[in-house]
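Counting convention: from 1, in listed order, for ligands and their atoms alike. All values reported here derive from a predicted model rather than from experimental measurement. The basis for the numbers below is simple: all heavy atoms, side chains too, and nothing from hydrogens, waters or symmetry mates. This chain uses plain numbering: 1 for the first residue, then up along the sequence.
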Amino acid sequence: MPTVRETTYDLLRTWGLTTVFGNPGSNELPFLDGFPDDFRYVLGLHEGAVLAMADGYAQVTGRPALVNLHSAAGLGNAMGNLANARACGTPLVVTAGQQARPMVGLGSMLGEPGMTRVPEPQVKWSFEPARAQDVPRALSEAFHLATLPPTGPVFVSLPLDDWAQPVDPDEVAHLAGRRVRRAGGLDEELLAELAGRLAGARNPVLVVGPEVDDERTFPRVVALAERLQAPVWTAPSAPRCPFPTRHPLWQGLLPPSIAGVAGHLDGADLVLVLGAPVFRYHVYVPGPWLPEGAELVAVGSDPGTAARAAFGDAVVADVATVAGQLLTALADLPPRPERPAPERAVAAEPGAAPFTADAVLGLLARSVPAHTRFVNESTANTAQFWSHLDLAGPRGLLFPAAGGLGFGVPAAVGAALADPARPVVAVLGDGAFQYGVQAVWTAVQHQLPVTFVVLRNGVYGALTSFVGQLGVSGVPGLELPGLDAVTIAQGYGVPARAVGSAEELTEELAAVGKTEGPRLLEVPITAETR
Ligand code: TPP
């Protein structure tokens with residue numbers, strides 16, 4: 001009879017899960033025993049890095065990724081980035097090795113009786129199979145659950161003595177061929193209602209979120225915005241870039257506060273939110289939810305998000321399908337006058353070091369090849385990053401969706417692993433770099449085309465700005481003297497240099513996409529407080 005291990009590897013092949021992101025321990029060795037040649041093991045030197053590498057990989061491929069962590073300790077190390085994956089809806093099958101079944105209840109080293117509770121609440125589902133023979137079916141359930149909208153991470157605990165057990169082939173014979181899909185557009189009545197409201201609106205506005213950022217949805221939403229000649233905002237706290245940033249209808253990123261959103265939507269009579277929660281605020285600035293006279297309808301895949309919102313109507317449906325249906329229903333809409341494009345910010349040329357972040361990010365956007373992907377984890381400079389960002393298509397930007405630092409470095413590595421044909425630039429704060437630094441080693445091992453740009457301002461800049469906003473003072477722990485990202489990167493084997501002049505910066509940024517393997521640039525910037 002085939003073993004649990006053989007059966008599982010066969011199933012992983014049929015699901016395309018042949019890349020395993022992991023960091024091993026004794027509990028996982030029986031799973032990895034005789035690792036097949038057609039599988040690839042991507043080693044991360046810390047589980048936080050492992051998780052976010054898988055996240056970046058899955059976000060770029062649009063397919064689930066498989067993660068194998070070491071027991072409760074490794075799983076615990078991954079929790080911050082698991083929160084980012086959950087907030088972004090990244091489909092991940094996260095696994096961890098459990099002690100041998102007879103030892104779990106004995107308080108043994110590396111045995112965790114409460115293993116399934118460890119990853120909560122950051123997973124859609126958490127499970128330890130009751131029998132060894134249930135492992136293949138449990139992984140099948142995990143794979144389908146992660147992939148079904150709303151997509152997201154799931155967890156399966158895998159006892160180490162299960163892998164050598166025999167499985168009755170009849171029990172698992174049908175798992176490989178199963179296709180589990182969700183269908184879901186608008187019925188006729190709902191479509192007529194929504195199309196009628198859009199056609200009748202004087203000033204419709206679109207707000208777009210991460211669910212729009214894929215190959216099916218992105219072009220349909222652009223076409224819908226053009227049909228309506230509606231201004232388009234990106235929803236606040238954006239983890240992705242779901243609309244072309246140089247399109248004349250794109251207005252920018254909504255601010256993450258209640259009052260800020262209402263202020264920016266002023267003049268709208270109907271707000272159509274596509275594929276975003278309503279809304280992901282960050283800073284508490286109370287005010288009206290919406291401007292006077294505006295109504296809101298949100299379309300998205302997550303019933304939880306739809307139910308949770310404090311205002312507006314919601315429809316739980318597939319955004320690509322709905323956008324297509326609305327385009328057809330509004331085919332005869334009389335053409336509306338084209339809107340003038342908003343004025344775009346123009347960055348000054350960088351002067352002498354230390355530079356302004358605005359000048360560096362403006363030069364970066366002008367210098368890199370059009371197909372460059374970005375990861376942004378430069379918290380104090382997110383507004384400047386977005387104001388210069390020039391992205392025309394989907395899957396071009398990743399950002400830590402739950403606000404957890406330690407995502408940027410490994411997510412950039414995962415994105416490059418998924419698609420090494422496109423260079424990746426990770427814009428990182430000097431503080432943020434330290435949370436996921438171990439992943440630069442993986443970039444070296446796989447010779448991935450990632451440029452890590454560390455903006456050295458010597459402080460936790462975003463927090464110095466919050467000090468003013470929250471009205472606090474005398475806060476310790478916000479200064480970062482003596483950090484040397486260049487030497488640290490070199491210790492992991494990454495070619496690295498500190499950029500000292502505008503000429504050097506220009507030369508180094510122009511090299512993006514033209515060099516082999518990873519490199520790191522440390523760029524001195526001024527510490528600005530907003
Ligand atoms: N720990 C984690 C895991 N995530 C966080 N978001 C924080 C702490 C709190 N935090 C938010 S912004 C920030 C910190 C520590 C400062 C980051 O500093 P840096 O990366 O240097 O970027 P800057 O704000 O200066 O652009």
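Residue-level proximity to ligand 1 for Leu455 is absent, since no heavy atom of it falls below 4.0 angstrom.
Each of the following atoms of ligand 1 lies closer than 4.0 Å to a heavy atom of Val459: 21 (O), 25 (O). Near Ala462, meaning under 4.0 Å from any of its heavy atoms, are these atoms of ligand 1: 12 (S), 23 (P), 24 (O). Heavy-atom contacts of Gly461 reach the following atoms of ligand 1: 23 (P), 24 (O), 25 (O) (cutoff under 4.0 Å). The ligand atoms of ligand 1 that sit less than 4.0 angstrom from a heavy atom of Asn457 are 25 (O). Those atoms of ligand 1 that come under 4.0 Å of a heavy atom in Ala380, given as number and element, are 23 (P), 24 (O), 26 (O).
No hydrogens or angles considered: nothing links the side chains of Gln59 and Arg395 as a donor-acceptor pair under 3.5 Å.
Only one option out of Gln490, Glu522, Glu504 pairs with Arg497 in a side-chain hydrogen bond (donor to acceptor under 3.5 Å, both in side chains); it is Glu504.
At the shortest separation from atom 8 (C) of ligand 1 among protein heavy atoms lies Tyr435 OH, 3.7 Å. Annotation: atom 22 (O) of ligand 1 to nearest protein heavy atom, Thr379 OG1, 3.3 Å. Annotation: atom 6 (N) of ligand 1 to nearest protein heavy atom, Gly403 O, 2.8 Å. In this structure, the protein non-hydrogen atom closest to atom 4 (N) of ligand 1 is Leu405 N, 3.1 Å. The closest protein non-hydrogen atom to atom 20 (O) of ligand 1 is Ala432 N, 2.6 Å. Looking only at heavy atoms of the protein, atom 11 (C) of ligand 1 is closest to Leu463 CD2, 3.9 Å. The protein heavy atom nearest to atom 19 (P) of ligand 1 is Gly431 N, 3.5 Å. Scanning the protein for heavy atoms near atom 18 (O) of ligand 1, the closest one is Tyr460 CD2, 3.3 Å.
Under the 4.0 Å criterion applied to side-chain N and carboxylate O atoms, Glu211 and Arg240 are not assigned as salt-bridge partners. Ion pairing of Arg373 with Asp419 is present here, as a side-chain N (NZ or NE/NH1/NH2) and a carboxylate O approach within less than 4.0 Å. Checked for salt-bridge contact, Arg366 and Glu349 meet the test: a charged N lies under 4.0 Å from a carboxylate O.
Below 30°, between 30° and 60°, or above 60°: for Phe279 and Phe311 the angle between ring planes is between 30° and 60°, a tilted geometry.
Rounded to the nearest 0.5 Å, atoms CG (Leu145) and OG1 (Thr151) are 11.5 Å apart.
Asn27 places no side-chain N or O within donor-acceptor distance of the main-chain N or O of Leu160, the cut-off being under 3.5 Å. Proximity of a side-chain donor or acceptor of Arg456 to a complementary backbone N or O of Leu483 within less than 3.5 Å is detected.
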